[in-house]
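All values below come from the heavy atoms of this structure, side chains included, with hydrogens, waters and symmetry mates left out.
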Amino acid sequence: MEHLDATKAPAGTRNLLDTPIGKRLATAKARTALWGGTLTEIDTDDGRPQFIVSRWALCKAFDSIDGVEAFLDRVEGAKA
């Protein structure tokens with residue numbers, strides 16, 4: 001199976017796990033799941049990635065994985 005270059009795929013079909021933020025995205029998804037929420041990545045109407053974190057009635061949108069990580073740092077509480 002050949003490797004697809006995510007930079008050449010149309011914006012709506014690219015797999016963010018094939019980009020440089022792939023590991024950070026996977027880690028953020030795992031952290032969100034452990035917190036009891038979901039992290040979904042979508043493309044905005046102009047093709048930019050957006051990250052949606054939701055849990056119960058809370059839904060927050062972020063323009064970068066940095067924002068998602070900062071949010072998770074706040075809501076996860078103190079680490080031992």
Quiz item: How long is the span from the OG1 atom in Thr38 to the CZ atom in Arg55, to the nearest 0.5 Å?
Solution: 11.0 Å
Without placing hydrogens or testing angles, list every side-chain donor-acceptor pair under 3.5 Å for residues 58-71, not counting sequence neighbours.
from	atom 1	to	atom 2	distance (Å)
Ser64	OG	Asp66	N	3.4
Ser64	OG	Gly67	N	3.2
Asp66	OD1	Arg24	NH2	2.4
Glu69	OE1	Arg24	NH2	2.6
Glu69	OE2	Arg24	NE	3.1

Practice problem: Please name the pair of heavy atoms, one in Pro49 and one in Asp43, separated by the smallest distance, quoted to 0.1 Å. | Solution: CA-OD1, 3.9 Å
Quiz item: In Å and rounded to the nearest 0.5 Å, what is the CG to OG1 distance from Leu39 to Thr27?
Solution: 11.0 Å
Quiz item: Considering only heavy atoms from C-beta outward, does the side chain of Asp73 approach that of Arg31 to under 4.5 Å?
Solution: yes
Practice problem: Output all residues satisfying side chain to side chain donor-acceptor pair (under 3.5 Å) with Thr40, sequence neighbours left out; order by chain, then residue number. | Solution: none
Practice problem: Please identify each residue that fulfils salt bridge (charged side-chain N to carboxylate O under 4.0 Å, His left out) with Asp46, with sequence neighbours left out. | Solution: Arg48
